[in-house]
Student: 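Before I ask anything, here is the structure I am working with.
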Protein chains: 2
Amino acid sequence: MQMRSAPSYFSKQIGFHQRYRIDPVNSIYRKNFCRPKSTAEAKVLAAKKHSESERRRRMRINSQYTALRKILPNLIKMDKASVLAETVRQVRELKKVVADTEAACRGSGSECVIPSGVNKLSLEKCEGKQEGLVKATFSCEDRPGLILDMIRELRSGKGRVVRAEMVTVGGRTKSVLWVKGLGAGSEGIVCLKKALNKVIVDRPSII
Amino acid sequence: MQMRSAPSYFSKQIGFHQRYRIDPVNSIYRKNFCRPKSTAEAKVLAAKKHSESERRRRMRINSQYTALRKILPNLIKMDKASVLAETVRQVRELKKVVADTEAACRGSGSECVIPSGVNKLSLEKCEGKQEGLVKATFSCEDRPGLILDMIRELRSGKGRVVRAEMVTVGGRTKSVLWVKGLGAGSEGIVCLKKALNKVIVDRPSII
DNA sequence: CTTCACACGTGATAC
DNA sequence: TGTATCACGTGTGAA
């Protein structure tokens, strides 16, 4: 009849029997060592505790509803179901806006645009007169100490950063570093790649 | 002006009595003009309708919960309160992402050229829709720890850097920072200016 | 009077 | 064991 997550009905019956079955050992123990402060009294006490706990739970949930009502624009109906429905709608919309922006910026030719939603690292030799100039691009989760880690790793190698661009948006960071002095061979680049990979830690993206 | 069906109850017991008490006037009326399907019967019918309506409402709300559980990544706890709390958090974050994205895109023309030979610091409010976006530009001697000092000073204020460009040439550095969240007044900007000035002048060059 | 939305207390149940 | 969450039916006021 109803679509429930079905913790099965027959187990209800079992619960019932278990609750009222007689456990002789336990009964004797209680008679002798516990103050049988009338069962009724104990029950009403437990009930009171239970109902108060439930009230706290309701308050916790409801406070989140009021938070949602505050931060969501264009709320017409304020009842719970409508608030949740509108929340779902706006979350989907916001995600789409972010994704579209990222996509649009990616093809725009500008070097440092919007951080990617997934962790990335790429290195590229710059052609032309700039001998030994390498461009390193990476996106990752922002965190306190990210730049410090980056600096430490960069110092461990032999290149030097002559230019840098960073964009941080919503906890994601994209950086572009131009590095000189890595040497002629590929050894320096491999080293730099390893170093930067250490900086990027794998955390799940929000988007 | 409307007819209240009953004054408020003082306890469940009263409610129970109220259900089965006899109201002579009402009884006579019903006997004569209504189908005399006993009051009790009518009430149990109404109760059933009520409870089913309530179940539909619960289902409506719960279906939105399952929707939220699906579209929200990084959900650790799945209970209602946690889902709502995480929803609030992520909605706030997404809104910030969208706002910062616009700010970062605005500053995506390359601003950073060659560091000046003398120490400089200038702050500038960005016009347009980007309320509270401030561009900070400064040149100074490069040194080990410059960025660390900068980060420390930036953390002491309340703004957040959404975009940064740095160029280092021959021991001189030029940086451009786009900062959001400084507040409406000039207080935040003054604070930022003081902080960055410390970075520029405080430390004597190591070399 | 009906409908709707909400809060409440309670029993079942999961850990 | 106690301590959570959850669904349920009900009382109640507002539209």
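Here is the naming used below: chain letters follow the sequence lines, and residue numbers restart at 1 for every chain. Values reported hereafter were calculated over all heavy atoms of this structure, with side chains retained and with hydrogens, waters and symmetry mates removed.
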Student: Tell me, please, which residues at least two apart from B:Arg160 pass side-chain hydrogen bond (donor to acceptor under 3.5 Å, both in side chains).
Tutor: B:Asp100

Student: Run the side-chain hydrogen bond (donor to acceptor under 3.5 Å, both in side chains) test against A:Arg155 and tell me which residues pass, sequence neighbours left out.
Tutor: none

Student: Counting side-chain heavy atoms from C-beta on, which of C:dC8, D:dG9, D:dT10 comes nearest to A:Arg58?
Tutor: C:dC8

Student: I'd like a table of atom pairs between the protein and nucleotides 3-6 of chain C - only N or O on both sides, under 3.5 Å - with the distance next to each one.
Tutor:
residue : atom : partner : partner atom : Å
C:dC6   : OP1  : A:Lys80 : N            : 2.9
C:dC6   : OP2  : B:Arg57 : NE           : 3.4
C:dC6   : OP2  : B:Arg57 : NH2          : 3.1
C:dC6   : N4   : B:Glu54 : OE1          : 3.1

Student: For B:Lys43 and D:dG11, what is the distance between atoms NZ and C1' respectively, to the nearest whole Å?
Tutor: 11 Å

Student: Side-chain donor-acceptor contacts of residues 67-89 of chain A below 3.5 Å, not counting sequence neighbours, with atom names and distances?
Tutor:
residue : atom : partner : partner atom : Å
A:Arg69 : NH1  : A:Met78 : O            : 2.1
A:Asp79 : OD1  : A:Ser82 : OG           : 2.7
A:Asp79 : OD2  : A:Ala81 : N            : 3.3
A:Asp79 : OD2  : A:Ser82 : N            : 3.2
A:Asp79 : OD2  : A:Ser82 : OG           : 3.2
A:Lys80 : NZ   : A:Asn62 : OD1          : 3.1
A:Glu86 : OE1  : A:Arg89 : NE           : 3.3
A:Glu86 : OE2  : A:Arg89 : NE           : 3.4
A:Glu86 : OE2  : A:Arg89 : NH2          : 3.1
A:Glu86 : OE2  : A:Gln90 : NE2          : 3.0
A:Thr87 : OG1  : A:Val83 : O            : 2.7
A:Arg89 : NH1  : A:Glu93 : OE1          : 3.0

Student: List in chain and number order the residues that pass salt bridge (Lys or Arg N to Asp or Glu O under 4.0 Å) with A:Arg55, two or more places apart in sequence or in another chain; answer none if no residue qualifies.
Tutor: none

Student: Quick one: list whatever passes salt bridge (Lys or Arg N to Asp or Glu O under 4.0 Å) with A:Glu187, sequence neighbours left out.
Tutor: none

Student: Between C:dA7 and A:Arg55, is there an OP1 or OP2 to side-chain N/O distance shorter than 4.0 Å?
Tutor: no

